[in-house]
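Have a look at the structure below before the remarks.
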Amino acid sequence: MYLPPNYEHTNQRYPVIYFLHGFMGNNQMLSYMKEILDFSINTHKIRPFIMVIPDEQTTYDGSFYSNSGIYGNWEDFTAFDLVEYMDENYRTLAKKESRGITGHSMGAYGALKIAMHHPDIFNSVYGLSPGALAIVREYGPNSDTYKELSGIDNYEDLNKTYFGKVIIAFAKSWSPNPNNPPFYCDLPFEVRVKN
């Protein structure tokens, strides 16, 4: 979480920007943003605000900020639990007009989706290079990714891929299946060999 300069020395309330990280990411990106934000606020380039970057990295590297009965309700956590916690524990302007949500890649997908689902909570949304808006190219049915996945039956081999991991994360987020080992999800496409 980023608090603007002099936060501790005033009673001022601030708008909040929720920034959602991308696939395989976490909240560590804030460490190199603090200096830039401090400078921008101190030189009056931008107005003071609070920024929240939640660590929502999962065991499968990304929930796509979706609710799943098996893998967790990440959308609800972000829209309800996180916002409520911030409003109760920090000097926020606790109204939708003072809340924005943004993100990069998977986080941009999550920001767009959450803002559309919860316009009563978030007033502004911005997506930086949103991912997963269409299942095409490396994620599409004619890609080599599904051929690659057809030969993988364990996490060790899955972790040697990138697009394969993303596809499994899609499936765990959007079509979990506790009766379908080894990854416990249903893929959107599968490779079948004709005889």
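These numbers were taken from a predicted model, which means no experiment stands behind them.
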Identify all side-chain donor-acceptor contacts of residues 118-127 below 3.5 Å with residues at least two apart in sequence or on another chain.
residue: His118; atom: NE2; partner: Glu75; partner atom: OE2; Å: 2.9

**OP:** Report yes if some heavy atom in the side chain of Lys113 is under 4.5 Å from a heavy atom in the side chain of Ser66; otherwise report no.
**Re:**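 Touching, per the 4.5 Å side-chain cut-off.
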
Subject >> Close side-chain approach of Ile168 and Leu149, heavy atoms under 4.5 Å >> reply: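 The answer is yes, as the side chains (C-beta and beyond) meet within the 4.5 Å cut-off.
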
Original post:
Between Tyr7 and Tyr90, what is the ring plane arrangement, given parallel below 30°, perpendicular above 60°, and tilted in between?
Top reply: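 Correct class here is tilted.
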
Strictly under 6.0 Å, is that where the ring centroids of [X] and [Y] end up?
X	Y	answer
Phe189	Tyr146	yes
Tyr65	Phe77	no
Phe183	Tyr155	yes

Throw together a table of side-chain donor-acceptor distances under 3.5 angstrom for residues 103-111, partners on residues two or more places apart or in other chains.
none

Original post:
For atom CD of Glu35, is the number of surrounding heavy atoms from other residues, nucleotides or ligands below 6.0 Å larger than 12?
Top reply: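 No.
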
**OP:** Please say whether more than 12 non-hydrogen atoms of neighbouring residues, nucleotides or ligands are located less than 6.0 Å from OH in Tyr85.
**Re:**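 Open.
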
Original post:
Under 3.5 Å, side chain of Asn6 to main-chain N/O of His9, donor-acceptor pair present?
Top reply: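 The answer is no, because no donor-acceptor pair under 3.5 Å joins these two groups.
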
Original post:
When you measure from the side chain of Ser150 to the backbone N and O of Lys147, does any donor-acceptor pair fall under 3.5 Å?
Top reply: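 Yes, the answer is positive, given that a donor and an acceptor are paired below the 3.5 Å cut-off.
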
